Trainee: 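Take a look at this one; I'll ask things after.
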2 protein chains.
Amino acid sequence: MAATIRDVAKKSGLSLGTVSKYINGHPVKETNRLLIEQAIQELQYKPNNIAKGLRNSQTFSVAVLLPMLTSNFCTSMISSIESYLLPKGYTVIVCECHNDAAMELQKARFLLDRMVDGIILIPYDSTGKQIELIQNNHTPLIVVDQIIKDHPSDTIILDNQRASYEPVKKLISLGHTKIAIITGGIDHYTSQQRLNGYEKALRECHLPIYKHYIQCGNYSTEGGYEAMMKLAKLPDPPTAVFISNYDMEIGAYIAINNLNLKIPEDISLIGFDNLPLVNIVNPPLSFSEQPTDEMGLTAAKLLYRRMLGDQSDYPKTLIHAPLFHYTDSICSPLDKERVRL
Amino acid sequence: MAATIRDVAKKSGLSLGTVSKYINGHPVKETNRLLIEQAIQELQYKPNNIAKGLRNSQTFSVAVLLPMLTSNFCTSMISSIESYLLPKGYTVIVCECHNDAAMELQKARFLLDRMVDGIILIPYDSTGKQIELIQNNHTPLIVVDQIIKDHPSDTIILDNQRASYEPVKKLISLGHTKIAIITGGIDHYTSQQRLNGYEKALRECHLPIYKHYIQCGNYSTEGGYEAMMKLAKLPDPPTAVFISNYDMEIGAYIAINNLNLKIPEDISLIGFDNLPLVNIVNPPLSFSEQPTDEMGLTAAKLLYRRMLGDQSDYPKTLIHAPLFHYTDSICSPLDKERVRL
DNA sequence: CTGAAAGCGCTAACAA
DNA sequence: TTGTTAGCGCTTTCAG
């Protein structure tokens, strides 16, 4: 079938070893180099990765272990990792744990048995059992999206706190005092951080933090809808809302429409992530942007370095800055009074 | 490091070959079986897939080659394929061609060089070059979502024509005569089929087919928004619209809201796919449902059979039936007149 | 710089 | 049934 290194050796009149050396970048006499290159050309020789892997115990594959493929963050992550690593000869395996800690651990084990060369983990379980398992196996690991307590590792995250702190500050600077937040699950790392940023901003400005202005939308569209409904029906509804992810933002937007509220006159809105909805609606929505592609790329690059054996600065934590886009979806709450007069 | 089959042989006092046979399901004397099982247990032996692969030239990996990870159809596909194939020991590789035919071909070549055991293809290029390449290499292949002309292969598709035909019939039966459709790209297989179904339904009922009632939204949220805007601003706007995918449906829904039109009084709406939006809005939206999970599972099962060497009924085409959900997002156009009187 | 040879972990053909 | 042995395609000593 396919030509082997042996065929190349035969055709070029050299030995197996010499050809192998050439292929692996070791110096070879100029004339021989040409001979080998010609043979490879003629035979259409392609090195067999399986055999190579058996010798070097590597598989030229990396895995992305993640909670759910339905999340935009996860797919965007995979996409940039694949773009970077495939040209380097790596295959990207996707492994979904379906928001189940036991399955996450089991799949981590599976991947280690399959001897993947590296793992990029978007953790579900925050106790860090998966991390221990992988680290005990000495497989290069990059953790993305969360910091897992007591489990140091190379980590890529967003500055989640700033991602909400800045927008809330912005709302306050416009004169808002009744600012609500729609958060993800209370036990979720990013959700917590984004809530922290919200509270920090209010506290800094000596504004009270009201329980009823903090609604959990579980990072889902349905949850965002329900949360917005509750906020709007409060006796003293907020004049501005920050929403901690895109899915909830869609839900909240639909809720606002159904209630016939106007953005920004009735309610100022700042959401999360730069996805289709925010730009097509009128007015376009303000949002904090998580540079997911860049984060994926950073993760892939760091993993690549680790797989090559470069352990410098381990464990390294890279914190990406959010970007902010402010549009006519926010305005001073006074505007409304003016309109009414 | 990890125990090898050799260690198991030593520990159980048997030969390499015997242990190998046991592992591969060949008969072994009962007492020896116990010996081997115990040794495996004690040594925590796990077969090395790389070595196995080198012998059998297989990699225990399958690839999903697809246009874009941002499509819900694609991720849902991957998800069900992974669920079925991972427990069987296969790893699922994802490979994105970014809507680029040349890249699709190049990545197909990469996957073949990496000797994946099978490929599930959601085609981008409809000329079928990728298919030829893969078939010439004798790698098991399942094509999903499209039928590529002159390139017979195992194929899993939705009955796309029926997915639009039935809803349009339904609208006609309610009394609508001004029915529009928002389609994907004109050269796209599923888009074309769904358009066919629309036209067939109208034709059967002797209703005219108007060019201006057929708007292309390119399967994107933005496109759906624009298309709906155009339809609404027509001198004689449609009383009902069928939308051929979910992303465009979100866009169209936002457009309808921005125009202050009411569903279903001003416009009856039937969309596509069972995703969050359709159920949270008020009224919930009617839609054709593509059973993506089931299609993914069917694809994975068929691929598995092919990889095991079962070639029965090749090439097999499996056509999945759409499901229909009708809600209060549609009503008779007469209702509107009544309201106005 | 080159060639010969050993061996990565496993399977399969063959002989016993 | 079981054990022996020859490789799958490649890398890497080690002599030359």
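Predicted, not measured: the structure shown is a model, and the values here were computed from it.
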Trainee: List in chain and number order the residues that pass side chain to side chain donor-acceptor pair (under 3.5 Å) with A:Ser12, two or more places apart in sequence or in another chain; answer none if no residue qualifies.
Mentor: none
Trainee: Between D:dT2 atom C1' and B:Arg33 atom CZ, what is the distance in whole Å?
Mentor: 17 Å
Trainee: Just to confirm, is there a sub-4.0 Å distance from OP1 or OP2 of C:dC10 to any side-chain nitrogen or oxygen of B:Ser20?
Mentor: no
Trainee: Let me know, please, whether B:Asn32 or A:Asn24 comes out on the 5' side of the other along DNA chain D by nearest nucleotide.
Mentor: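 This one resolves to B:Asn32.
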Trainee: Record whether the side chain of B:Lys46 comes under 3.5 Å of the base of C:dG9 through a donor-acceptor pair of N or O atoms.
Mentor: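 Absent.
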Trainee: 5'-most contact on DNA chain D: A:Ile50 or B:Val28, nearest heavy atom basis?
Mentor: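 Going by which nucleotide is closer to the 5' end, it is B:Val28.
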Trainee: Taking 4.0 Å as the cut-off, does a side-chain nitrogen or oxygen of A:Asn56 come that near to OP1 or OP2 on D:dC10?
Mentor: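 No, because none of the side-chain N or O atoms of A:Asn56 sits under 4.0 Å from OP1 or OP2 of D:dC10.
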Trainee: Measure CZ/B:Arg114 against P/D:dC10 and give the value in whole Å, please.
Mentor: 14 Å
Trainee: Test your reading of the model: is there a side-chain donor-acceptor pair from A:Asn24 to the backbone of A:Ser20, 3.5 Å cut-off?
Mentor: yes
Trainee: Of all the choices, C:dC1, D:dG7, D:dC10, which nucleotide is nearest to the side chain of A:Arg55 once you look at every atom?
Mentor: D:dC10
Trainee: Roughly, in whole Å, what's the span from CD1 in A:Ile36 to P in C:dC1?
Mentor: 12 Å
Trainee: Could you tell me how far apart B:Leu54 (CG) and C:dC8 (C1') are, to the nearest whole angstrom?
Mentor: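 Rounding to the nearest Å, CG of B:Leu54 and C1' of C:dC8 are 9 Å apart.
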Trainee: In whole angstrom, give the distance that lies between atom CD1 of A:Ile5 and atom P of D:dC8.
Mentor: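 These atoms are roughly 14 Å apart.
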Trainee: For atom NZ of B:Lys29, is the number of surrounding heavy atoms from other residues, nucleotides or ligands below 6.0 Å larger than 12?
Mentor: no
Trainee: Restricting to ring pair (Phe, Tyr, Trp, His ring centres under 6.0 Å), what partner residues turn up for B:Tyr219, sequence neighbours left out?
Mentor: B:His188
Trainee: Under 4.0 Å between a side-chain N or O of A:Tyr22 and OP1 or OP2 of C:dG3?
Mentor: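 No, because none of the side-chain N or O atoms of A:Tyr22 sits under 4.0 Å from OP1 or OP2 of C:dG3.
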Trainee: Can any side-chain N or O of A:Thr298 pair as donor or acceptor with the backbone N or O of A:Gly296 at less than 3.5 Å?
Mentor: no
Trainee: When the distance from CG of B:Asp113 to P of D:dG9 is rounded to whole Å, what number comes out?
Mentor: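 So the CG-P distance, B:Asp113 to D:dG9, works out to 15 Å.
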Trainee: Would you please classify the geometry between the A:Phe60 ring and the A:Tyr90 ring as parallel, tilted or perpendicular, with 30° and 60° separating the classes?
Mentor: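 If you compare the ring of A:Tyr90 with that of A:Phe60, the planes turn out tilted.
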Trainee: Under a 4.0 Å heavy-atom cut-off, which of residues 6-19 of chain B touch DNA chain D?
Mentor: B:Leu14, B:Ser15, B:Gly17, B:Thr18
Trainee: Looking at B:Tyr84, I'd like to know if the NZ or CZ of B:Lys88 sits under 6.0 Å from its six-membered ring centre while staying within 45 degrees of the ring's axis.
Mentor: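 Judged by the rule, B:Lys88 and B:Tyr84 form a cation-pi pair.
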Trainee: Please tell me which of A:Ala51 and A:Lys21 maps to the more 5' nucleotide of DNA chain C, matching each residue to the nucleotide holding its nearest heavy atom.
Mentor: A:Lys21
